[in-house]
Amino acid sequence: MKFVVFEGLEGSGKSTQLRLLAEKLETLGVPHITTRQPSDNPIGKLMRTATDGFTKMENETMALLVAADRYQHVYDVVMPALEEGKAVLCDRYYYSSFACQGIDPGVYARVAAYNGLAMAYCKPDLTFFLDTDPKECMRRITANRDYGGLYDSLTQLTEMRERYMAIFEQLKESDPVVVIDGGADEETIAAQIRNHLGITE
């Protein structure tokens, strides 16, 4: 296990599962870091003001910014940790760009170009996609009154799920992705993730 990515819709439970895996690695004494995209660097923080609905940006501007943040994050955080022999657990990666920006032929080409370096030189060893029903995601989002963002309508979540599935299909020859039922209870999901990673303790 080296570079593991967690993907899913807002409210899918991906961040929870990343945390649970990190806690397990901690108990096993496995060196690791947890991180996320958009990242916590200055570009990522600016990007989060847009995804959280506080700053208005054109879609293309967001695509460019998130790709720039990704490049910086890979070189500043992900690659150094991997070179030190640490596992890297990342909340979102370039798949999210395709899910948010769409994968129509013209858009796909641009998003792929923006993310070309990450896609060519820093692929995840394994990606977990928590496939949670968009209606359940909406229920969770609505229950969390602190949440507010761009991608919080049932229509948007449904479209994003379709885009995720489409990009996984397109990249299936090069990117190993495990789709997990996000509607199961937390421990069942966590156990499935550990099993796929060969963690038996």
message: I'd like to check Leu21 versus Leu197 (side-chain heavy atoms, cut-off strictly below 4.5 Å). Are they in contact?
response: yes
query: Any salt bridge between Arg92 and Glu10, counting N to O under 4.0 Å?
result: yes
message: Donor-acceptor pair, distance only, cut-off 3.5 Å: does the side chain of Asn115 make one with the backbone of Ala118?
response: no
query: Just by distance, do the side chain of Glu136 and the backbone of Asp133 share a donor-acceptor pair under 3.5 Å?
result: no
message: Can a donor-acceptor pair be found, under 3.5 Å and without considering hydrogens, that links the side chain of Gln17 to the backbone of Glu186?
response: yes
message: Quick check on the hydrophobic clustering: are Leu20 and Leu126 connected, directly or via other members, by side-chain heavy-atom contacts under 4.5 Å?
response: no
- request: Looking only at non-hydrogen atoms, find the nearest pair between Ala22 and Thr34 and report the distance.
  value: CB-CG2, 3.6 Å
Donor-acceptor contact below 3.5 Å, side chain Asp125 vs main chain Phe3: yes
- prompt: Passes side-chain contact (heavy atoms from CB on, under 4.5 Å), Thr158 versus Arg161? Steps please.
  reply: CA-CA 5 Å; Thr158 301; Arg161 180 187 178 279; 5.9 Å; no
message: I'd like to know whether the aromatic ring centres of Phe98 and Tyr94 sit less than 6.0 Å apart in this structure.
response: no
- prompt: Going by the angle between their ring planes, with limits at 30° and 60°, are Phe128 and Phe6 parallel, tilted or perpendicular?
  reply: tilted
message: Quick check against the 3.5 Å criterion: does Lys123 have a side-chain atom that pairs as donor or acceptor with the backbone of Met119?
response: yes
query: Any donor-acceptor pair under 3.5 Å linking the side chain of Arg48 with the backbone of Pro38?
result: yes
message: Whether Glu26 and Arg19 form a salt bridge (side-chain N of Lys/Arg under 4.0 Å from carboxylate O of Asp/Glu) is what I want to check.
response: no
field: Minimum heavy-atom distance Lys14-Asp91, with the two atoms named
entry: NZ-OD1, 2.6 Å
statement: Between Pro80 and Asp76, the two heavy atoms sitting closest are CG-O, 3.5 Å
statement: Closest heavy-atom pair, Leu65 versus Ile43, reported as atoms and distance to 0.1 Å, is O-CG2, 3.6 Å
field: Ring geometry between Tyr164 and Phe129 (parallel below 30°, tilted from 30 to 60°, perpendicular above 60°)
entry: tilted
message: Would you compute the distance between atom CZ of Arg70 and atom CG of Asn41 and round it to the nearest 0.5 angstrom?
response: 11.5 Å
message: For Val177, is there any backbone N or O sitting under 3.5 Å from a side-chain donor or acceptor partner on Thr127?
response: no
message: If we ignore hydrogens and angles and just use 3.5 Å, is the side chain of Asp69 paired with the main-chain N or O of Ser39 as donor and acceptor?
response: yes
Closest contact, heavy atoms only, Gly13 versus Arg140: N-NH1, 3.8 Å
message: Between Met79 and Leu82, is there a side-chain heavy-atom distance shorter than 4.5 Å?
response: yes
